[in-house]
Amino acid sequence: MKYDFTAIEQKWQKRWQEEKPFAAVTGDTTREKFYGLIEFPYPSGQGLHVGHARPFTAMDIICRKKRMQGYNVLFPIGFDAFGLPTENYAIKNHIHPAKVTRDNIANFTKQLHMLGYSFDWDRVVDTTDLKYYKWTQWIFLQLFKHGLAYKASMPVNWCTSCKCVLANEEVVEGVCERCGSPVIRKEKSQWMLAITKYADRLIDDLDTVDYINRVKIQQRNWIGRSEGTEINFSTTAGDVMTVYTTRCDTLFGVTYMVLSPEHPYLKKWQDRIANWDEVAAYIDEAAHKSDFERSELNKDKTGVRLQGVAAINPANETEIPIFVSDYVLMGYGTGAVMGVPGHDQRDWDFATKFGLPIIEVVKGGDITKEAFALKDDTGIMVNSSFLNGLTVKEAIPAMKKWVTEQGIGHPKTNFKLRDWVFSRQRYWGEPIPLVNCPQCGWVPIDEREPPLLLPEVESYELTDDGESPLSAMTDWVNTTCPKCGGPAKRETDTMPQWAGSCWYFLRYMDPHNDNALASKEALEYWSPVDWYNGGMEHTTLHLLYSRFWHKFLYDIGAVPTPEPYAKRTSHGMILGEGGEKMSKSRGNVVNPNDIIAQYGADTMRLYIMFVGDFEKAAIWSTEAVKGSKRFLDRVWNLAESASESEDVTPANEAILHKTIKKVTEDIDELKLNTAIAAMMTAVNELSANGCSRGDMRLLLLLLSPFAPHIVEELWEMLGFAAKSGKMACQETWPVYDESKTVASTVAMAVQVNGKLKGTITMPTDSEQQAVVDAAMAVDKVRKATEGMTVVKTILVKNRLVNLIVKPQ
RNA sequence: GCCGGUGUGGUGGAAUGGUAGACACAGGAGACUUAAAAUCUCCCGGUAGCGAUACUGUACAGGUUCUAGUCCGGUCACCGGCACCA
């Protein structure tokens, strides 16, 4: 019989879905659970991409093995379906985004089935489903009620093409992450989420979870905790000006101050500033630049000195000038910095340009050439009164203590992380369930009322002033205040795409619940997610946001664990044939459907796992796919030629046990490429030795998570299915016997002075004397040791012997 | 600039400090075939040699060690992230 993959795959996919579904979770909550999670896809019009196949296949393998090992496994799938591409497509083609979403989900579903993934299809989640997003809205309302959602007028990133506010995280190199158009700054009243209130816990609790290191490091750097000091400077204007510094030890070296152009004192001091016209012009210029332009253009420092106002250095009572310069950011610290040109390179550049004095307060560098910033702990304090003679490390706490005692400052922790801009002036997103009442302010809709439906609109186009399309729907906008009953208006902004993905893994635990986001029992049993795999690109966005929401839900008692994911791994990208990113414009996108049609889904699954180290980027090669197909052909032929015996062939025992061990361990460590290589080696050996049905049985069980269709077919063909009444995927995962993985003899390397001279075959666990005797019998060893004395022998059991020799 | 990662045959990639190149792809030789495809067998880092073999080889130049692709310090290149963060 021929290996007809198309027929086989259709047969088994149908059976798994209709006749013998095996992937649904069991209600048996006494069994140990395993919750394996992949990042649910955005159902784009392009359909599934080989980039999806890599993480999906890996987690499918892990979950299929866990099921065979007896776990109660939850392996769900869903769709993150709100978002701009769908909305833009809808606008362009005049099709309702809900319809676009439905069609795309149907297409994705078909493609996912074609790859044989063992998702629990009863638990599909769609973020645009009212039954789902009413709970997204519910979580938002809880955030609002706890003061973590607030409205603020602030400069926001405004995409000139999408006509939409973007989060800082969505702006890449000054352009919109999605459409590539320039982003400018614009003042707008926005809903914000106070993620910064959780900054400390988001960092500290990383110690409690098993994430790969680079994810932890990236999150820590993104949150950017910095332990410093706030110090108050008095000014000749009478106002006290507060600065933030991590180097309070250099206070005696401060020779000027700089304010950010947005600093409120500038306007306040307008009448005192003699050169106000010049200052105002500078402020205006800065306001018209995007963040990107500001950082681009500021390689050369610019700024204006304020005439008529000065500050006093509290350490030595010296009067120092104040500047305004756009290298100081209003959004970080206090929007004001103290200038220490001797020990900060930016300050040094600035002081040199404006001819300001440079004072050395830490000895160790040459401040006439460049700033002596903190390197190692080499510097010793000078010109600093009571700090003189101390190291920098000693001086920092000493100065913190001093400013605190003097009442002019205090230690302060700052974060780079900003609060999350949560509004979008868009249609295709969750409506924000708030009402603005002229009497009562912002009021949440009544949670007991029917959920706030995203209404049908005539047009999804933005209004001319950049407001959401919803704002044009006066029937919907005009409502009554839930509190006082007076006339009020609904919020017309919607939530960003990240909202729905913040908690979807909770919904999978109990997806049809109408009374809660999930039942307490389901949450208790399934939390936390045992293993979450996803892309590195989501490390600082989705992964951080969802940890934040989850911590909040934990605080209000809605979920039982402080962290959502126990373990996080990350896959590398699949690059096109030329080693470049796959993209439509490069024309190097590989469609999994084409590979499935030509080679079958099992080959596709195997190849995408065999292509390389899972965590690293890998280059796709359609040529190399053949190798995986050939392997399956060999498995097929081997099964057909297997002898009737259901016992394991003695000659194959060692290789089979070794392979069970290797595949079992490699799957747990996500080393799927070497697991497959081990099975290839086993097949090569079994072919050479001749194999029985008993041998085949073990091999098929190991291969079952990787290439499930062909395995089920062969399982049936060899009569195992008829005998046990079970499919291979329902069988018990094979266990290896350590003693059987070891062969009776081993090949050992013989070295003389560390150089390889030959190999010898020895009984396993041979003692040193026997090994040395055998080694000395090797011609090359005898030659190399002739006339020499062996001064030392190093034996590594079952691996090598190294003879250290010296002339006699 | 800072943070993280990577550097191994023609290619993708393997190697708890212990025989570098497993397993594949491509290539070469042969078998089968009228022929091709498929399949099977063998070869396949470099230099020298008919060959046994010798030397050499994991980005570069060092160090530690009986032994280094692996550990340590330095340099270079590439990839990803952040970027005036005080």
Side-chain angles (χ1 to χ4, degrees), chain A residues 172-173 213-218 220-222 224-226 228-229 243-248 250 258 260 291-292 294-299 301 325-329 331-340 343-347 349-350 373 414-418 536-537 539-540 572-573 575 579 606-607 610-613 615-628 630-631 633-634 637 671 673-684 687 747-760 779-780 791-805:
Chain A
V172 177
E173 287 177 12
N213 223 308
R214 53 200 175 117
V215 169
K216 286 192 184 186
I217 290 167
Q218 216 169 297
R220 274 194 202 105
N221 290 346
W222 185 264
R225 179 156 63 192
S226 121
T229 314
V243 301
Y244 175 76
T245 177
T246 54
R247 291 294 309 278
C248 62
T250 61
V258 189
S260 140
D291 268 349
F292 181 62
R294 261 168 85 158
S295 59
E296 269 300 89
L297 298 172
N298 274 316
K299 299 220 155 59
K301 300 267 177 292
S325 174
D326 63 6
Y327 87 83
V328 177
L329 309 173
Y332 186 76
T334 61
V337 302
M338 59 187 211
V340 189
H343 306 285
D344 181 289
Q345 193 56 43
R346 285 161 312 180
D347 295 350
D349 294 341
F350 191 85
N414 265 333
F415 299 93
K416 286 185 197 172
L417 184 72
R418 313 292 166 73
M536 272 318 276
E537 69 275 19
T539 302
T540 51
M573 236 191 304
L575 304 172
L606 218 46
Y607 174 70
F610 188 60
V611 68
D613 184 336
E615 293 200 345
K616 292 187 196 138
I619 297 170
W620 176 272
S621 161
T622 301
E623 201 55 38
V625 173
K626 285 184 198 162
S628 299
R630 269 182 211 148
F631 168 66
D633 286 334
R634 280 204 296 274
N637 293 337
K671 287 157 72 175
N673 54 337
T674 51
I676 293 167
M679 288 188 280
M680 287 174 168
T681 306
V683 166
N684 291 345
S687 306
M748 292 181 68
V750 181
Q751 297 179 339
V752 175
N753 286 347
K755 286 215 157 195
L756 184 69
K757 291 295 170 190
T759 58
I760 50 175
D779 263 4
K780 282 164 74 178
V791 293
K792 197 173 174 188
T793 304
I794 288 144
L795 179 79
V796 182
K797 239 187 190 177
N798 298 330
R799 303 217 71 148
L800 65 69
V801 61
N802 188 5
L803 305 170
I804 312 304
V805 297

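Just the heavy atoms: all of them, side chains too, but no hydrogens, waters or symmetry mates, feed the values below.
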K.L.:
Could you measure between the two P atoms, the one in B:U16 and the one in B:A22, and give it in whole Å?
P.N.:
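Looking at atom P only, B:U16 and B:A22 are 15 Å apart.
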K.L.:
Checking A:Lys301 against A:Phe350: charged group under 6.0 Å from the ring centre and within 45 degrees of the axis?
P.N.:
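No - A:Lys301 does not lie over the ring of A:Phe350 by the 6.0 Å and 45° rule.
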K.L.:
Could you tell me the separation between the CE atom of A:Met748 and the CG atom of A:Leu795, rounded to the nearest 0.5 Å?
P.N.:
5.0 Å
K.L.:
C1' atom, B:U6 versus B:G13: distance in rounded Å?
P.N.:
14 Å
K.L.:
Roughly how far apart, to the nearest Å, are B:A26 and B:U67 at atom P?
P.N.:
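Between the two P atoms, the distance is 41 Å.
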K.L.:
Once you apply a heavy-atom cut-off of 4.0 Å, does A:Asn414 come out as touching a base, just sugar-phosphate, or nothing?
P.N.:
nothing
K.L.:
Looking for any heavy atom pair under 4.0 Å, which part of the strands does A:Lys216 touch: base, sugar-phosphate only, or nothing?
P.N.:
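No contact at all - A:Lys216 keeps every heavy atom at 4.0 Å or more from the nucleic acid.
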K.L.:
Applying a 4.0 Å non-hydrogen cut-off, can you work out what A:Ile804 is touching in the nucleic acid: base, sugar-phosphate, or nothing?
P.N.:
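Sugar-phosphate contact only - A:Ile804 comes under 4.0 Å of backbone atoms but never of a base.
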K.L.:
Assign each of A:Ala677 and A:Met748 to its nearest nucleotide of RNA chain B by heavy atoms, then name whichever residue's nucleotide is nearer the 5' end.
P.N.:
A:Met748
K.L.:
Please report the distance separating the C1' of B:G10 from the corresponding atom of B:G21, rounded so that it comes out in whole Å.
P.N.:
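Between the two C1' atoms, the distance is 14 Å.
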K.L.:
Does A:Thr759 reach a base, just sugar-phosphate, or nothing at all? Heavy atoms under 4.0 Å.
P.N.:
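Base, at least one base atom sits under 4.0 Å.
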K.L.:
Describe the nucleic acid contact of A:Asn637 in one word from base, sugar-phosphate, nothing, applying a heavy-atom distance below 4.0 Å.
P.N.:
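Touches nothing.
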K.L.:
Using atom P in both nucleotides, what's the gap between B:A35 and B:A24 to the nearest angstrom?
P.N.:
29 Å
K.L.:
Taking the P atom of each, how far is B:G63 from B:A68, in whole Å?
P.N.:
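About 12 Å, rounded to a whole number of Å.
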K.L.:
How far does the P atom of B:U11 sit from the matching atom of B:C60, given to the nearest Å?
P.N.:
15 Å
K.L.:
Quick one: label A:Ala747 by what it contacts on the DNA or RNA (base, sugar-phosphate, nothing), any heavy atom closer than 4.0 Å.
P.N.:
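The residue A:Ala747 makes base contact.
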K.L.:
Give me the distance, rounded to whole Å, that separates B:U56 from B:U8 when you measure between the C1' atoms they each carry.
P.N.:
15 Å
K.L.:
Under 4.0 Å, heavy atoms only, any strand: does A:Asn673 hit a base, just the sugar-phosphate, or nothing?
P.N.:
sugar-phosphate
K.L.:
Base, sugar-phosphate or nothing for A:Arg214? Non-hydrogen atoms, less than 4.0 Å.
P.N.:
sugar-phosphate
K.L.:
Looking across every strand, which nucleic acid part, if any, lies under 4.0 Å from A:Phe610 by heavy atom: base, sugar-phosphate, or nothing?
P.N.:
base
K.L.:
Categorize A:Asp344 for me: base, sugar-phosphate, or nothing, with a 4.0 angstrom heavy-atom threshold over every strand shown.
P.N.:
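Counting heavy atoms under 4.0 Å across all strands, no contact is made by A:Asp344.
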K.L.:
Counting any heavy atom closer than 4.0 Å, what does A:Gln751 reach on the DNA or RNA strands: base, sugar-phosphate only, or nothing?
P.N.:
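Base contact.
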K.L.:
Can you tell me the distance, in whole Å, between the CG atom of A:Asn213 and the C1' atom of B:G81?
P.N.:
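After rounding, the gap between these two atoms is 15 Å.
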K.L.:
Just to be sure I understand the rule, does A:Ile619 reach a base, reach only the sugar-phosphate, or reach nothing, if contact means heavy atoms closer than 4.0 Å?
P.N.:
nothing
K.L.:
Using a 4.0 Å heavy-atom cut-off, does A:Val796 contact any base of the nucleic acid, only the sugar-phosphate backbone, or nothing at all?
P.N.:
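The residue A:Val796 makes base contact.
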K.L.:
Across the strands shown, which category fits A:Arg634 at heavy-atom distances under 4.0 angstrom: base, sugar-phosphate, nothing?
P.N.:
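Sugar-phosphate, no base atom in range.
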